Amino acid sequence: MDLELVSFNVCPFVQRSVITLNHKNCEYRITFIDLSNPPDWFLQISPLGKVPVLKVDSHEVLFESAVINEFVDDVTPGTLKPSDALVLAKNRAWIEYGSTCLSDLYMMADVETEEEMQQQITVCVERLQYVENILTDSTFFNGDSFALVDAAYAPLLFRLDFIHEKIGFLDWGRLPKLNQWKENLLALESVQQSIIEDFEGHYTNKIRAQNGYLGSLL
């Protein structure tokens, strides 16, 4: 099966799929595009004009990272999905919640004043507290086994860690289970290999290009 993932270089949703592909030991390639000036062929295959898009055997196309990740899991040996239907449904719900947290992070970089950024930080931290409250002391979200929900949160936690190192906006002491989950995820080879070369430079440039207050601090 030929798999081509279409991406732009610092998209966290694409990184979710890269982590899944890495963890399942898939052979795949990545094609990077400029979303500010996307090629016509991309607009023809991406109904929402978003990445990631997964091209399967050159002619079939999937979009939305959660869908792509479940497909990859379904067509490869083993599974990263819980067998219990209720646990699986809860995982899917928290994956969607993680997408909202990523939107919070985007908005934190988008607002133009320090006051507005502090308001967005408050929203972000309150949202993270909900995740902290449902986590246990296990290695990963469901226990000792890595799952698709872990792949979904790793890009968020990586970016939170990066921004915190720059501006110190989080008190990890108040989020100890989230912090430990972060450390467990970022230590995985599948996560480490999902990060592009010079991520820091590219991500910093992306934040600065939003022309918000956060960019002026980096």
Side-chain angles (χ1 to χ4, degrees), residues 1-58 60-76 80-81 91-92 94-110 146-163 182 185-186 188-210:
M1 183 181 297
D2 183 70
L3 300 176
E4 178 184 0
L5 194 65
V6 182
S7 170
F8 80 86
N9 57 7
V10 293
C11 176
F13 295 96
V14 171
Q15 192 182 357
R16 288 176 166 186
S17 295
V18 172
I19 291 168
T20 302
L21 287 160
N22 288 348
H23 209 84
K24 298 302 293 276
N25 296 312
C26 295
E27 291 188 10
Y28 66 97
R29 63 187 184 279
I30 298 181
T31 298
F32 291 106
I33 65 168
D34 180 359
L35 275 185
S36 64
N37 185 28
D40 290 339
W41 62 262
F42 173 74
L43 297 176
Q44 292 171 6
I45 66 173
S46 179
L48 298 173
K50 297 179 179 179
V51 292
V53 169
L54 182 69
K55 296 172 71 175
V56 182
D57 292 332
S58 301
E60 296 289 352
V61 174
L62 296 172
F63 57 96
E64 296 295 340
S65 61
V67 174
I68 290 170
N69 290 356
E70 290 213 5
F71 169 77
V72 169
D73 191 48
D74 288 341
V75 299
T76 52
L80 300 179
K81 295 193 296 292
N91 276 203
R92 287 170 171 157
W94 282 104
I95 288 172
E96 185 63 26
Y97 186 86
S99 299
T100 301
C101 293
L102 281 168
S103 296
D104 292 338
L105 205 58
Y106 178 87
M107 288 303 300
M108 203 171 89
D110 209 43
F146 182 87
L148 291 179
V149 65
D150 297 292
Y153 274 85
L156 168 68
L157 295 170
F158 183 81
R159 284 158 178 75
L160 285 170
D161 208 37
F162 173 81
I163 295 175
K182 169 179 67 72
L185 289 174
L186 300 192
L188 294 175
E189 185 177 0
S190 58
V191 175
Q192 293 174 356
Q193 293 184 350
S194 72
I195 300 159
I196 64 167
E197 187 175 350
D198 191 24
F199 174 88
E200 179 172 344
H202 288 293
Y203 189 47
T204 299
N205 288 339
K206 189 262 182 187
I207 291 174
R208 287 173 178 164
Q210 290 179 239

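All values reported here derive from a predicted model rather than from experimental measurement. The analysis underlying the following values was restricted to heavy atoms, covering all of them including side chains, and did not include hydrogens, waters or symmetry mates.
Using a 4.0 Å cut-off between charged side-chain N and carboxylate O, D2 and K55 make no salt bridge.
Within the 4.5 Å cutoff, no side-chain heavy atoms of L186 are placed close to those of Q192. Here the side chains of T31 and S7 are not in contact, with every heavy-atom distance at 4.5 Å or above. Between K81 and D74 there is a side-chain heavy-atom pair separated by less than 4.5 Å. Side-chain contact between F13 and V51 is absent, with no heavy atoms from C-beta onward closer than 4.5 Å. The shortest distance between side-chain heavy atoms of V10 and F8 falls below 4.5 Å. For the pair N91/L148, no side-chain contact is recorded, criterion being any heavy-atom separation below 4.5 Å from C-beta on.
Here the CD1-OH distance, from I95 to Y153, works out to 8.0 Å after rounding to the nearest 0.5 Å. Put simply, CG on L21 and CG on N69 are 7.5 Å apart, with the number rounded to the nearest 0.5 Å. E64 CD to S46 OG: the interatomic distance, rounded to the nearest 0.5 Å, is 8.5 Å.
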L35 vs K50, side chain to side chain contact (heavy atoms under 4.5 Å, CB included): CA-CA, chis, key distance, verdict: CA-CA 8 Å; L35 275 185; K50 297 179 179 179; over 6 Å; no
Given the rule in the side chain to side chain contact (heavy atoms under 4.5 Å, CB included) test, do F146 and I19 qualify, once you have shown the distances and angles that lead to the verdict? CA-CA 11 Å; F146 182 87; I19 291 168; 3.8 Å; yes
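With V6 as the partner, the side chain to side chain contact (heavy atoms under 4.5 Å, CB included) test is satisfied by one option alone out of F32, W41, F63: W41.
Few gaps surround NZ on K206; more than 12 heavy atoms of other groups in view lie less than 6.0 Å from it.
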